[in-house]
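For reference, the structure is listed below as structure tokens.
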Amino acid sequence: MTNETQRKAGGRGGRSKASRESGKKGVAESSSSQGSGNGASSSGDGGASSLEEAGQEFQVTEMWLNGLPSADPLNERGELVCTSETSLTPDEMLELYRYLKLTRVVEERLVNLYRQTKVVGGVFRSLGQEATAVGTAYALETQDFIAPLIRDLGAVLVKGIRPREIFAQYMAKAWGPSEGRDLNIHFGNMEKGFIGPISHLGDMIPVMTGIALGGRMQKKNLVAVAYIGDGGMSTGAFHEGLNFAAVQRLPLIIIAEHNWYAYSTPTSKQTAVKNLADKAAGYGIPGHIVDGNDIIACYEVTKKAVEHARSGGGACIIEAKTYRRKGHAEHDDQRYLPEGELQFWETRDPLDRYERHLLSKGIATREKLDEINADISREVDEDVAWAESSPMPEPEKAAYNVFDNSVVPPAFRPPVFGSEQ
Amino acid sequence: MTNETQRKAGGRGGRSKASRESGKKGVAESSSSQGSGNGASSSGDGGASSLEEAGQEFQVTEMWLNGLPSADPLNERGELVCTSETSLTPDEMLELYRYLKLTRVVEERLVNLYRQTKVVGGVFRSLGQEATAVGTAYALETQDFIAPLIRDLGAVLVKGIRPREIFAQYMAKAWGPSEGRDLNIHFGNMEKGFIGPISHLGDMIPVMTGIALGGRMQKKNLVAVAYIGDGGMSTGAFHEGLNFAAVQRLPLIIIAEHNWYAYSTPTSKQTAVKNLADKAAGYGIPGHIVDGNDIIACYEVTKKAVEHARSGGGACIIEAKTYRRKGHAEHDDQRYLPEGELQFWETRDPLDRYERHLLSKGIATREKLDEINADISREVDEDVAWAESSPMPEPEKAAYNVFDNSVVPPAFRPPVFGSEQ
Amino acid sequence: MSTATKKEHKQNRPQRGGVATFVEAIRQGIWEEMERDPSVFVIGEDVGVYGGAFKVTDGLINEFGEERVIDTPISEAAIVGAACGAALMGMRPVAEFQFIDFISPAFDMLTNYAAKCRYRWGAGLPTVFRGPCGAGVHSGPFHSVNAEAFFLNTAGLKIVEPSTAYDAKGLIKAAIRDPDPVLFFEHKKLYRLPRLREELPEDDYIVEIGKARTAREGRDLSIITFGAQVLTALDAASELEREGIDVEVVDLRTLAPMDKASILASVKKTSKVLILHEAARTGGIGGEIAATIAEEAFEWLDAPVVRVAATDTPVPYSPPLEEYHLPQLKDVLDAARKLAAY
Amino acid sequence: MSTATKKEHKQNRPQRGGVATFVEAIRQGIWEEMERDPSVFVIGEDVGVYGGAFKVTDGLINEFGEERVIDTPISEAAIVGAACGAALMGMRPVAEFQFIDFISPAFDMLTNYAAKCRYRWGAGLPTVFRGPCGAGVHSGPFHSVNAEAFFLNTAGLKIVEPSTAYDAKGLIKAAIRDPDPVLFFEHKKLYRLPRLREELPEDDYIVEIGKARTAREGRDLSIITFGAQVLTALDAASELEREGIDVEVVDLRTLAPMDKASILASVKKTSKVLILHEAARTGGIGGEIAATIAEEAFEWLDAPVVRVAATDTPVPYSPPLEEYHLPQLKDVLDAARKLAAY
Ligand SMILES: Cc1ncc(C[n+]2csc(CCOP(=O)(O)OP(=O)(O)O)c2C)c(N)n1
Ligand SMILES: Cc1ncc(C[n+]2csc(CCOP(=O)(O)OP(=O)(O)O)c2C)c(N)n1
Ligand SMILES: [Mg+2]
Ligand SMILES: [Mg+2]
């Protein structure tokens with residue numbers, strides 16, 4: 001059956017053997033890494049194209065099920081929780097919770113600061129998709145590198161960047177890591193393995209290919225993880241960077257965040273594939289699909305991919321199916337959303353879901369979680385206060401560090417008629 | 001079995017069901033359009049990566065068989081011929097021969113002119129791969145458009161461009177279609193459906209997407225065919241252009257010419273996929289594989305793809321497995337070739353093969369072919385003479401046509417101190 | 001950065017003329033050209049239902065449908081290439097870059113394909129490539145670029161940047177009717193600036209590409225500028241008037257091909273020149289303007305040609321840094337006073 | 001176009017110094033830096049076994065292996081991005097563009113990533129991006145570009161273009177050791193020009209980036225130029241000498257950051273300036289040079305600043321057309337005589 005006929009065919013179809021097997025872990029494999037892959041991507045006229053063909057009339061199940069495990073993990077009371085098969089210790093699971101909650105709280109604080117006009121520029125929320133960034137980043141070692149997207153604040157925090165740095169950045173303060181030169185998470189920290197993105201989507205893929213290449217030359221045993229969106233995968237830079245990494249068999253892991261929108265553009269206008277993981281086939285690398293709102297599944301699939309990459313297995317794509325519940329940025333009115341879509345995704349909130357998981361599986365008590373939350377509020381209050389207490393940068397600082405100033409002087413405003421008069 | 005393991009696994013493996021079936025026609029379908037596709041692309045550690053892993057030690061059969069029909073079409077005497085299943089009439093088959101031979105003869109003339117230093121710039125041969133350009137282009141209607149590569153002279157001739165135009169271009173003459181402004185096939189003819197390429201590889205893919213888009217808006221029922229090499233597919237422009245065409249379900253057919261080299265770079269350093277057709281999966285479109293040295297197979301697969309595209313089926317990739325027997329250009333010493341490779345491909349010369357086909361199947365007599373060849377020599381002699389008789393362009397012509405000169409004046413060299421003094 | 005806001009929906013057909021903002025003027029112009037000529041279409045990211053990041057194409061999709069208002073993947077090279085291909089077929093694409101910063105992935109397609117097609121084989125490409133440019137709204141290094149100088153050395157591209165609502169509408173219409181590729185830069189600071197609201201004619205009009213405009217007559221010195229900096233220049237002029245310095249302000253409007261005649265005429269009138277632009281000083285368009293003057297009006301000059309521009313750094317995000325980087329009113333005043341006193 | 005030919009194989013280690021052509025000098029420089037510093041590596045298309053389209057990297061792969069001489073797919077954006085990433089890790093990549101025309105698909109990566117990294121978060125990128133530029137060998141619109149002006153308005157990129165074998169070797173070595181991104185343009189006409197063969201020192205040396213060179217001392221007028229046009233300027237100078245016009249030739253060598261001091265010193269000495277470059281006139285680097293002079297040496301000027309450059313068109317293929325387009329010796333002589341007589 002050719003792809004066209006797949007695209008036309010309706011109905012849910014059956015899950016692929018592969019995804020049924022790995023279902024327990026909430027992890028499926030796509031056509032790119034599976035002989036039975038076409039089964040997976042032909043499973044139901046799901047996702048993007050169903051929305052497309054139904055003229056924006058929302059079809060929850062198909063959109064949701066496409067390429068994913070047949071069954072959601074449920075607890076005794078039949079509530080949606082996370083996959084239970086995991087190598088994580090209870091303590092690690094609580095740390096994971098801490099990062100997940102911290103991400104949510106930091107963003108909520110940023111919105112408050114934005115409303116108080118203390119944030120310069122926009123705030124880009126990851127509400128509803130935090131589990132993807134946090135779960136995947138938690139699978140990395142210190143020597144590994146990430147290049148997150150603007151919506152991957154969670155990954156940045158997991159990598160050890162403190163909330164105060166983020167607040168200071170958003171408020172364009174002198175104490176921010178870029179000293180007011182660039183915004184939000186547009187900075188980096190080589191010690192912590194964090195390479196901040198630039199706005200131009202796709203450009204970080206070649207850069208992370210270079211991180212992996214340089215790491216290999218230096219016999220560092222590192223893995224490079226680059227986050228990219230359903231939209232960003234349409235860029236030429238994405239293609240060139242991943243293709244080169246695949247040819248070189250470099251340890252580059254692409255986290256494809258399928259949150260269904262690129263600004264206002266639905267995935268159906270971004271690509272004709274069912275699953276972003278299907279794009280792996282074009283690079284001769286494996287593609288995996290995971291429930292991006294199941295933080296444990298995100299951790300597990302990344303963990304395996306990282307081991308595989310570290311042991312010389314080369315690059316891969318992990319598609320995380322999640323959803324961007326807020327607009328592109330605070331100003332976006334989301335006029336383009338089909339009826340019912342938001343409501344559906346609220347019921348799959350990754351934080352509620354993980355909390356439920358921890359409690360109903362007896363991994364944590366309510367008290368323990370409250371303790372963690374109180375601790376988070378304390379930290380965030382402190383960090384906001386610290387960031388607010390930072391001065392704005394000295395204007396003249398703008399002239400420094402275009403080049404190494406021990407070689408080329410700072411770029412001050414030249415006197416009228418020039419330095420020569 | 002994941003792609004890595006495929007890459008490591010050796011042996012020839014079996015052909016896929018799909019390719020076995022279509023074998024008679026020399027046409028296979030790749031994983032991208034076939035459930036059994038992985039069979040096809042896992043069939044033998046073929047092509048690129050075998051060359052790579054064998055450290056440039058040449059493995060003819062595997063390289064050759066990979067992704068292709070199980071059996072070459074042979075005649076009674078067991079000689080290599082072309083697929084016999086065709087809708088082409090005997091007259092059409094002779095016309096096809098004429099174009100194939102014409103392409104070879106025109107290029108040989110260009111080499112002579114080059115040696116006589118009458119050609120300005122380089123000569124880029126398609127020796128050994130002419131059947132791909134000629135066979136695919138022959139499947140088009142007049143309203144259809146092509147964007148060939150430098151090595152697709154055959155397609156340009158099939159589209160109705162006369163040899164004299166080519167000779168004049170190569171010799172940078174005033175009577176050449178670009179009047180000496182650009183080289184070789186870098187020109188176009190909208191009436192004939194020919195859009196000449198620019199040097200920057202990949203850029204013609206988005207342009208042909210636009211041709212298909214504009215054609216659809218104007219209710220012209222046209223198909224756009226863009227030729228691209230194993231190397232050119234690594235460009236960002238290729239990715240962006242094809243992805244957009246796939247999303248819009250535009251009638252864009254990509255002829256992926258797998259001639260094993262990009263300048264000196266083997267395909268194994270260009271991509272990690274086995275078959276270029278495998279890249280179709282990343283765009284949600286079908287991919288087909290054809291023996292690029294079987295001119296009838298090239299015609300047949302393109303014919304079907306064109307019908308499919310014209311009837312609204314959207315874009316596809318046709319991979320033609322062929323081989324570039326000359327260097328990148330005349331100056332290239334091919335120092336990078338593994339032992340035995342050239343010799344193997346000489347035995348698969350598409351012109352000899354087609355001639356053998358026509359004769360042994362009784363489609364043409366030797367006399368008939370001699371007649372055609374004599375006719376070709378006559379035409380080529382005339383056209384070379386015509387082109388040589390053309391003057392070089394008037395120097396001042398260089399100033400015209402940057403913009404529409406009825407709006408903006410020509411760009412003459414300004415007088416010293418400017419027009420104002 | 002904050003772009004358009006909920007309140008501003010204007011899903012319906014804009015009025016013909018009437019009092020309009022800068023952004024509304026451009027929207028009117030595109031809308032009217034699409035009504036006039038069925039070959040005109042819009043292509044870009046989020047230009048459809050969303051109406052574009054700054055709402056320049058708001059409502060077009062309701063009126064003209066998905067066929068003529070095309071949302072693309074995030075693929076600037078494909079947007080430009082597809083526009084060129086469609087133009088070869090006789091269409092007249094108006095392509096949007098969400099921010100002009102994102103023109104850079106299409107630099108190759110623009111400078112090598114779009115710019116050279118007519119010259120190479122006579123195939124003119126009636127295409128418009130437009131989007132929001134410019135700094136001053138704290139958008140940081142990647143949402144603030146002024147890109148004119150990137151393209152000035154490539155023959156075959158026209159570059160337009162208006163500074164008034166009237167010109168914006170007249171020039172976008174002229175660009176759409178132009179037989180060759182036009183880069184159309186819209187300073188995002190001007191889109192909703194109350195100061196720029198003005199009464200536009202009801203009737204169809206265009207502003208000719210290639211002609212500068214004297215924004216203010218003066219005798220003592222000429223400020224040659226364009227885009228948002230025209231406002232800075234006019235503010236400087238009124239302040240300097242009180243000091244008895246009579247400033248002429250030339251608004252270039254078209255940057256390529258440049259209106260040399262108007263520039264030289266003004267220089268010959270005032271004999272003193274201040275060139276003002278928002279892009280970094282080195283390698284900016286000010287060099288071309290100064291060179292033209294030094295070459296063709298040397299004898300008329302009574303003072304050095306002065307450039308006031310941004311410092312040679314990326315555009316920093318934090319307000320105090322961005323203010324240091326960008327040319328400010330005080331910098332123009334200081335330079336103008338020194339020039340006048342020279 | 002004809003690049004390198006069979007005869008020229010020099011698979012082995014080049015000699016240290018000795019008589020060398022321009023191309024051989026660059027090859028020596030890269031080779032020596034790779035020997036000196038294990039973090040230096042070469043990346044690009046066909047740079048390995050083939051040794052590069054012009055054989056600049058010939059033999060390197062035999063000596064340093066595939067790990068340090070990397071053949072890439074046809075992906076200029078990936079070449080630049082990967083170079084930047086590796087540089088962040090502490091490597092020192094030397095990336096080749098097969099022709100500088102193919103730098104354009106990497107325009108975004110260079111101007112937005114490479115150029116702004118240090119400024120944004122202090123991460124300097126010691127990277128070299130090199131390749132053959134320039135016209136005059138009938139290679140047509142897409143193998144002839146002079147790209148300096150595309151990058152001049154982007155702070156954070158150094159631009160170097162040598163005109164002698166000695167400078168080529170000294171500058172490529174300096175570029176490789178430089179802490180920031182350097183665009184290194186090599187005019188393809190110079191690679192094998194017998195006229196440029198010269199004796200190079202055996203010992204390690206560098207030529208400092210940012211310093212111009214007086215190629216010829218003179219009193220009557222200054223020709224400010226760089227790259228292959230330095231030869232045109234020197235030819236003009238000797239011809240004009242016979243006419244009693246004493247020409248000074250300034251070879252910029254580094255285009256960004258520009259050596260203003262040397263330019264102004266020469267202007268103040270001769271009071272007459274002719275700027276010569278091979279790229280199209282409008283929007284070319286000549287504008288920046290002329291503006292600097294008109295701004296900072298106005299009082300020393302005895303004549304208009306004259307630019308001699310290519311006409312404002314793409315580079316045409318056919319010899320008579322290309323000759324019309326490019327600045328010729330006669331154009332320089334004509335302009336110089338008029339300047340001298342002014
Ligand atoms: C090359 C480029 N073009 C356009 C933009 C403007 N832009 C910023 S975010 C965005 C949408 C991104 O969508 P996606 O990649 O799916 O990431 P998400 O926001 O969903 O996380 C666009 C178009 C950009 N940043 N870069
Ligand atoms: C963007 C770009 N980069 C580099 C080149 C230089 N170049 C010209 S042809 C070529 C090899 C092309 O190989 P392929 O795409 O396989 O086509 P083939 O020559 O085999 O037909 C290269 C690298 C180019 N033309 N365009
Ligand atoms: Mg998205
Ligand atoms: Mg090839």
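Chain letters run A, B, ... following the sequence lines, proteins first, then strands; residues in each count from 1. Just so it is clear, the model here is predicted, and its values are computed rather than measured.
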Here the gap from C:I103 atom CD1 to C:F97 atom CZ, rounded to the nearest 0.5 Å, amounts to 4.5 Å
Given C:L255 and C:V160, is the side-chain contact (heavy atoms from CB on, under 4.5 Å) satisfied, shown in steps? CA-CA 6 Å; C:L255 308 181; C:V160 171; over 6 Å; no
Rounded to the nearest 0.5 Å, the CG atom of D:L125 sits from the SG atom of D:C117 at a distance of 4.5 Å
Please check if the distance between the ring centroids of C:F151 and D:F150 is under 6.0 Å. no
When D:G286, D:A280, D:A290 are compared by non-hydrogen pairs under 4.5 Å with chain C, the top option: D:A280
Under 4.5 Å from any heavy atom of chain C - which part of D:A303: backbone
Could you point out which residue of C:V80, C:L157, C:I159, C:L110 forms a side chain to side chain contact (heavy atoms under 4.5 Å, CB included) with C:P181? C:L157
In terms of heavy-atom proximity below 4.5 Å to chain C, should D:I285 be classed as side chain, backbone, both, or neither? neither
Check: D:V315 and D:V145 side chains under 4.5 Å, non-hydrogen atoms: no
At what distance, to the nearest 0.5 angstrom, does CG of C:L152 lie from CG of D:L152? 11.5 Å
So, do C:I275 and C:V306 sit near enough that their side-chain heavy atoms are less than 4.5 Å apart? no
Using side-chain heavy atoms (C-beta onward) and a distance below 4.5 Å, is C:V273 in contact with C:I223? no
Candidate polar pairs, chain D side and chain C side, donor-acceptor under 3.5 Å:
| unit_1 | atom_1 | unit_2 | atom_2 | d |
| --- | --- | --- | --- | --- |
| D:S104 | OG | C:D108 | OD1 | 3.1 |
| D:S104 | OG | C:N112 | ND2 | 3.0 |
| D:D108 | OD1 | C:S104 | OG | 3.1 |
| D:N112 | ND2 | C:S104 | OG | 3.0 |
| D:N153 | ND2 | C:A280 | O | 2.9 |
| D:N153 | ND2 | C:T282 | O | 2.8 |
| D:A280 | O | C:N153 | ND2 | 2.9 |
| D:R281 | NH2 | C:E295 | OE1 | 2.6 |
| D:R281 | NH2 | C:E295 | OE2 | 2.9 |
| D:T282 | O | C:N153 | ND2 | 2.9 |
| D:G283 | N | C:E288 | OE1 | 2.9 |
| D:E288 | OE1 | C:G283 | N | 2.8 |
| D:E288 | OE1 | C:R307 | NH1 | 2.9 |
| D:E288 | OE2 | C:R307 | NH1 | 3.4 |
| D:E288 | OE2 | C:R307 | NH2 | 3.1 |
| D:A294 | O | C:V305 | N | 3.3 |
| D:E295 | OE1 | C:R281 | NH2 | 2.7 |
| D:E295 | OE1 | C:R307 | NE | 3.2 |
| D:E295 | OE2 | C:R281 | NH2 | 2.9 |
| D:E295 | OE2 | C:R307 | N | 2.7 |
| D:E299 | OE2 | C:Y342 | OH | 2.3 |
| D:V305 | N | C:A294 | O | 3.3 |
| D:R307 | N | C:E295 | OE2 | 2.7 |
| D:R307 | NE | C:E295 | OE1 | 3.2 |
| D:R307 | NH1 | C:E288 | OE1 | 2.9 |
| D:R307 | NH1 | C:E288 | OE2 | 3.4 |
| D:R307 | NH2 | C:E288 | OE2 | 3.1 |
| D:Y342 | OH | C:E299 | OE2 | 2.3 |

Segment of C:L301 engaging chain D (4.5 angstrom heavy-atom cut-off): both
Heavy-atom pair count under 4.5 Å with chain C, highest-scoring of D:P141, D:A294, D:G140, D:A147: D:A294
Pick from C:G283, C:A149, C:G287 with the largest number of heavy-atom pairs that fall under 4.5 Å of chain D: C:G283
